[in-house]
Amino acid sequence: MKKIIYFLLVCIGGFYACKDEEQVLLNADFISDKQTISAGEKISFMDKSTGEPVRWNWEFEGGEPNVSNLFSPEIVYNYPGTYAVKLRVGRGDKNAETEILQYIDVIYPEEIMIDFKCDKTQALSDETIHFTDLSVGFPSAWAWEFTASEGYKVTSTEKNPSLKFEPGTYSVKLTVTNPNTTATLTKENYLNIIDKNSVAANMTAERRMIIEGGTISFKDASLGRPTYWRWTFEGGDPSISDKQNPTVTYSTAGKYKVTLVASNDVNTSTEEKEGYVIVLPGKDIVLFYPFDGDCKDMGPNGIDPEILTMGDNMNINFNAPARKEGFTCAEFRSKNAQNYAILSLPDNDALDFKSTPMTTSFWVNTSNKTTANLAVFQQGSPKTNSDDGNNKHAWFRFQKSSPYVRYLIEYTGFSSNGTDYKKKSMADGEWHHYVCVHANGNTYLYIDGVKEAEALNKGLKPIDRTPYFIGAMYKGKEGSRSYENFMDGYIDDYLVYNRAFTAAEAKALYDSMK
């Protein structure tokens, strides 16, 4: 009897064991949130396998990524086509696999963002130009049209053609298509093709404004294929050169013409630029800030200023357009005592004007008529910053009302050399040239080459050599100094000399720089 009962129990256990085995059999399956998408979209997949798998190995033909071991991966399909998906699942030593061919259909987008470029838009007639299609939207066909201003046309159906053209000006039209849409873009007068034997003289220079005795390196920038060059440098040494890229020294202040004749065996071309080179007086020069891309001193003393900033994103823009093409200037954009950027000059023996005359020259353009005072510079010590309690400083600023411009040499105990311009506001949005002269107790103010104000016989006023700021005024001693009267506008070609310019020199300086 006991043996019979044992046999029955074994049979019953085996029966339920078979039932459990049937329940845990693996069967791989999956679903996705979509099966048809446009290129660049993503699809979310989810495992729907039975048998409680604990491992997943997906393979996504054409997808990114193309494999995954996640339960529910997200896959991006970037290229049109029809793609298979395979899933292999596992638990313990059991595995199951399924693959559905042509499961994902990635179609072409219904919009193309069309664009193109070429490696050069100006070329000689025997040079090859390489074009590149930049369109986004999977174009599958291209139609290029290159139409000359005279009417004749060149075409191509390549994606990225490389072509040569006859001389002329060409508009370029590109039409791209995919199975769902078409887009067209035309760039008018896009190509300038020059005859391979032509010459169009042109020149550049490393710099165009220098101090007497300085040199300039010129560069031939002629179009075409010149093989001979003939330069003429008014006021330069040498005055004539047949080098392609000559270097010339200028010894006398003034404004000078440069002429280039470029030629080959077939053609000749001449470029003449009046007043292309500006040479500034060099005698007794202290500093020169041309503000051409930076605040570097181009004078003999190397007095490079530091930029003092306060506030977020405050700086001085040294690449602002200047009054003359090919030059830049300094744009001061300070707002208040919490948001400013100004220049601070380091101490230098050349800035000592206690007993020597001084000439300060600069160009300014401002349209700010709302701020009471806009300072260009201040040098020396107000009484709160002086050991003997005396003002010993010089400054220049624009004012909201008359006097509209004030240049002042101030020393406590003597009457101030206040040199005031009262005719009209100079905050007119135009460039103006200012020359401030201090010598032998007299001060003079020249505006655009004309003497507009003077203060005579006021006695010698010593000026402390530090501090010296451009773009603001200040008060208080170092460590507790505060700034005010911030410049809002443009300053260019800032010059300082330790001698007094005459009226003729002030006019000549203006004429050479205007």
Side-chain angles (χ1 to χ4, degrees), residues 117-131 146 148-150 163-172 187-210 214-250 254-280 290-294 298 318-329 492-493 512-514:
K117 69 176 183 179
C118 63
D119 61 341
K120 47 181 173 280
T121 58
Q122 185 163 273
L124 298 176
S125 55
D126 63 348
E127 292 182 321
T128 299
I129 301 179
H130 304 281
F131 296 86
F146 307 91
S149 55
E150 293 81 3
L163 302 168
K164 295 180 181 180
F165 298 89
E166 293 297 317
T169 301
Y170 291 78
S171 296
V172 180
K187 296 185 180 182
E188 300 288 349
N189 302 320
Y190 187 60
L191 302 177
N192 181 28
I193 308 302
I194 303 167
D195 186 281
K196 62 182 180 180
N197 294 314
S198 69
V199 176
N202 196 12
M203 68 183 79
T204 61
E206 62 171 345
R207 49 184 175 154
R208 291 171 48 200
M209 185 179 294
I210 60 172
T215 61
I216 298 179
S217 293
F218 293 89
K219 183 177 181 180
D220 167 49
S222 302
L223 300 176
R225 291 197 177 105
T227 54
Y228 309 102
W229 299 268
R230 180 73 169 180
W231 297 82
T232 302
F233 302 103
E234 181 184 28
D237 181 20
S239 60
I240 296 174
S241 175
D242 58 3
K243 294 182 179 180
Q244 183 178 6
N245 302 309
T247 297
V248 181
T249 301
Y250 290 87
K255 186 189 298 187
Y256 298 105
K257 176 173 65 177
V258 178
T259 303
L260 170 61
V261 179
S263 62
N264 56 29
D265 293 336
V266 178
N267 293 300
T268 298
S269 175
T270 300
E271 175 72 4
E272 185 174 272
K273 295 189 177 183
E274 290 283 351
Y276 189 64
V277 171
I278 299 171
V279 183
L280 303 173
F291 295 139
D292 281 333
D294 56 35
M298 301 304 293
F318 294 106
N319 290 297
R323 65 192 184 281
K324 295 174 70 67
E325 184 179 357
F327 292 88
T328 63
C329 70
D492 199 12
D493 296 328
S512 69
M513 301 174 75
K514 68 180 179 180

Q: Please indicate whether Glu127 has more than 12 foreign heavy atoms, meaning atoms of other residues, nucleotides or ligands, lying under 6.0 Å from its CD.
A: yes
Q. What pair of heavy atoms forms the shortest contact from Ala221 to Thr204, and how long is it?
A. CB-CG2, 4.0 Å
(Q) Given 3.5 Å as the limit, does a donor-acceptor pair link the side chain of Thr328 with the main chain of Pro321, or not? (A) no
Q. Which atoms form the tightest heavy-atom contact between Gly236 and Val248, and what is the distance?
A. CA-CG1, 3.6 Å
**Q.** Test log, rule side-chain contact (heavy atoms from CB on, under 4.5 Å), inputs Lys324 and Ile278
**A.** CA-CA 12 Å; Lys324 295 174 70 67; Ile278 299 171; 3.8 Å; yes
(Q) Donor-acceptor check, side chain of Asn245 to backbone of Asp220, threshold 3.5 angstrom: yes or no? (A) yes
Q) Do Arg207 and Asp292 touch side chain to side chain, with heavy atoms closer than 4.5 Å? A) no
Q) Ignoring hydrogens and geometry, is there a side-chain-to-backbone donor-acceptor pair from Ser222 to Asn202 under 3.5 Å? A) yes
**Q.** Reported CE-to-NZ distance for the pair Met209 and Lys255, which is rounded to 0.5 angstrom
**A.** 9.0 Å
Q. How long is the span from the CD1 atom in Ile240 to the CZ atom in Arg230, to the nearest 0.5 Å?
A. 4.5 Å
Q: For the residue pair Thr270 and Val261, establish whether any side-chain heavy-atom pair is separated by less than 4.5 Å.
A: yes
Q) For the atom pair OG1 (Thr169) and CD (Glu188), what is the distance rounded to the nearest 0.5 Å? A) 11.5 Å
Q: Examine distances only and state if a side-chain atom of Asn267 and a backbone atom of Asn197 form a donor-acceptor pair shorter than 3.5 Å.
A: yes
Q | Side-chain donor or acceptor of Asn264 paired with backbone N/O of Arg225 under 3.5 Å | A | yes
Q: Test side-chain contact (heavy atoms from CB on, under 4.5 Å) on Leu191 and Cys118 and set out the steps.
A: CA-CA 9 Å; Leu191 302 177; Cys118 63; 4.1 Å; yes
Q) Considering only heavy atoms from C-beta outward, does the side chain of Phe233 approach that of Pro246 to under 4.5 Å? A) yes
Q) Between the main-chain N or O of Ala201 and the side-chain N or O of Ser269, is there a donor-acceptor pair closer than 3.5 Å? A) yes
Q) Any salt bridge between Asp492 and Arg323, counting N to O under 4.0 Å? A) yes
Q) Are the side chain of Trp231 and the backbone N or O of Lys243 linked by a donor-acceptor pair below 3.5 Å? A) yes
Q) Do any N or O atoms from the side chain of Lys120 and from the backbone of His130 form a donor-acceptor pair under 3.5 angstrom? A) no
Q | Heavy-atom check, side chain of Ile193 versus side chain of Ile129, under 4.5 Å | A | yes
Q. Rounded to the nearest 0.5 Å, how far apart are CZ of Phe165 and CG of Asp126?
A. 13.5 Å
Q.
If we ignore hydrogens and angles and just use 3.5 Å, is the side chain of Ser125 paired with the main-chain N or O of Lys196 as donor and acceptor?
A. yes
Q | Non-hydrogen side-chain atoms of Thr268 and Val199 separated by less than 4.5 Å | A | no
(Q) Let's go through Ile210 and Val279 carefully: what are the C-alpha distance in whole Å and the side-chain angles of both, what is the deciding distance for side-chain contact (heavy atoms from CB on, under 4.5 Å) to 0.1 Å, and is it a yes or a no? (A) CA-CA 5 Å; Ile210 60 172; Val279 183; 4.2 Å; yes
Q) So, Thr249 versus Thr215: side-chain donor-acceptor pair below 3.5 Å or not? A) no
Q) Taking the inter-plane angle between the rings of Phe146 and Phe131 on a 0 to 90° scale, is it parallel (under 30°), tilted (30 to 60°) or perpendicular (over 60°)? A) tilted
**Q.** Criterion side-chain contact (heavy atoms from CB on, under 4.5 Å) against Lys273, the qualifying member of Lys257, Arg208, Met203
**A.** Met203
Q: Might you work through the side-chain contact (heavy atoms from CB on, under 4.5 Å) test for Tyr276 and Phe218, ending with a clear yes or no?
A: CA-CA 11 Å; Tyr276 189 64; Phe218 293 89; 4.1 Å; yes
